[in-house]
Colleague: 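The structure under discussion is supplied below as structure tokens; questions concerning it will follow.
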Amino acid sequence: MGKLCEAPYNKTVDWTKWYILWADERVVAKNHVDSNYKLAKDGLFSKVPIVPSHVNSINDSVSAEEAASEYEFVIRQLVKSRVIGVSDTSDCPKFDLVLLGMGSDGHVASLFPNHSVLDENNEWVTFITDSPKPPPERITFTLPVINSASNVAIVVTGENKAEAAHLAIDDVGPDCIVVPARMVQPTKGKLVWFLDKPAASKLEGFQFSD
Ligand SMILES: O=C1O[C@H](COP(=O)(O)O)[C@@H](O)[C@H](O)[C@H]1O
């Protein structure tokens, strides 16, 4: 992302066509250090000419439940106005790109291991109030929405994520736990993993070229 803000890459993008939403967000104020909005603003869209009205962040002054339902409404409006397409295999929005990180426990967005949020198939956006990783209150895209995207990119860095990357990517067999990142399997889209050397260090048969 950092590179996209720099020349020559920043000139190769038509930023007016970008609409930004968050695959998950912590229910904290937008200027809070835990805010994913703040992270993206500081790292990307304060540095490039994205149209301010195209930045769709959550309402941070209501409960997690209300924020999730309002956010789904925002997405429904964008689908209605054809800014976002619709999947032809589910009733889900079809995002051009869903960009995800992965935690050391294998979570993606705010879809945590062994959490009932993984089974949410009806809503586009849901909420949790008991995130094992602070802060506890979050909203998140559900798996069907992530898996309806045209492209999903998972970016992983650091050795503390090597085991989760192995469990998510390798052919580990039925006896191993299924980490949430492994459940990211776009129905018709493309999934690409980006890993640094330490994060890839436990992948089977993986050879890293510098
Ligand atoms: O809490 C979150 O964590 C993950 C990634 O884990 P981290 O250890 O790299 O912080 C992130 O991708 C997710 O969107 C976020 O809300």
Side-chain angles (χ1 to χ4, degrees), residues 1-2 4 19-45 55-60 63-65 67-68 71-72 74-75 93 95-118 120 123-149 151-169 177-186 191-203:
M1 273 294 169
L4 266 183
Y19 287 76
I20 297 191
L21 293 101
W22 277 260
D24 79 312
E25 179 59 289
R26 294 91 179 262
V27 184
V28 294
K30 288 188 176 54
N31 59 357
H32 192 281
V33 66
D34 285 333
S35 162
N36 282 340
Y37 167 87
K38 178 174 163 47
L39 188 74
K41 181 181 172 212
D42 294 349
L44 176 68
F45 62 84
V55 176
N56 296 281
S57 55
I58 69 158
N59 181 350
D60 60 0
S63 70
E65 183 171 10
Y71 209 50
E72 181 164 321
V74 168
I75 298 172
F95 287 97
D96 293 332
L97 170 66
V98 174
L99 176 62
L100 300 169
M102 181 187 72
S104 54
D105 59 356
H107 82 265
V108 288
S110 284
L111 303 170
F112 289 91
N114 305 315
H115 195 291
S116 56
V117 73
L118 294 168
E120 179 54 69
E123 311 287 349
W124 289 355
V125 182
T126 191
F127 70 100
I128 59 172
T129 54
D130 59 353
S131 166
K133 175 183 174 184
E137 304 210 345
R138 292 148 174 261
I139 65 105
T140 184
F141 284 5
T142 56
L143 271 172
V145 168
I146 293 172
N147 285 333
S148 296
N151 296 279
V152 181
I154 307 183
V155 181
V156 189
T157 59
E159 200 186 346
N160 63 330
K161 299 182 179 177
E163 181 63 21
H166 161 64
L167 291 172
I169 298 170
I177 50 164
V178 179
V179 292
R182 195 178 185 89
M183 299 176 184
V184 177
Q185 293 167 8
L191 169 65
V192 181
W193 284 80
F194 295 90
L195 302 103
D196 68 359
K197 198 171 182 175
S201 59
K202 291 192 179 171
L203 293 185

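Just so you know, ligand 1 is whichever comes first in the structure, and atom 1 is the first atom listed for that ligand.
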Colleague: Relative to the heavy atoms of R138, which atoms of ligand 1 are at a distance of less than 4.0 Å?
Modeller: 1 (O), 2 (C), 16 (O)

Colleague: On the 0 to 90° scale, with breaks at 30° and 60°, tag the F95-F141 ring pair as parallel, tilted or perpendicular.
Modeller: parallel

Colleague: Does any non-hydrogen side-chain atom of D130 lie less than 4.5 Å from one of P136?
Modeller: no

Colleague: Compute the shortest N/O to N/O distance between D24 and ligand 1 and return yes if it is under 3.5 Å, no if not.
Modeller: yes

Colleague: For a 4.5 angstrom cut-off between non-hydrogen side-chain atoms, does P93 reach V145?
Modeller: yes

Colleague: Out of K161, M102, K133, R26, whose heavy atom is nearest to atom 9 (O) of ligand 1?
Modeller: K161

Colleague: Would W22 and V55 satisfy side-chain contact (heavy atoms from CB on, under 4.5 Å), going step by step from the backbone distance to the final call?
Modeller: CA-CA 9 Å; W22 277 260; V55 176; 3.7 Å; yes

Colleague: Return yes when atom CG of D42 has more than 12 non-hydrogen atoms of other residues, nucleotides or ligands closer than 6.0 Å, and no otherwise.
Modeller: yes

Colleague: Between N36 and ligand 1, which part of the residue brings a heavy atom under 4.0 Å of the ligand: side chain, backbone, both or neither?
Modeller: side chain

Colleague: Using side-chain heavy atoms (C-beta onward) and a distance below 4.5 Å, is P134 in contact with D34?
Modeller: no

Colleague: Looking only at protein heavy atoms, which one is nearest to atom 11 (C) of ligand 1, and what is the separation?
Modeller: H107 NE2, 4.3 Å

Colleague: Need the ligand 1 atom indices (1-based, order shown) with element for anything under 4.0 Å from a heavy-atom of G103.
Modeller: 5 (C), 6 (O)

Colleague: Which atoms of ligand 1 are found less than 4.0 Å from any heavy atom of A109?
Modeller: 13 (C)

Colleague: Going by the atom numbers of ligand 1, which of them fall below 4.0 Å from some non-hydrogen atom of G101?
Modeller: 12 (O)

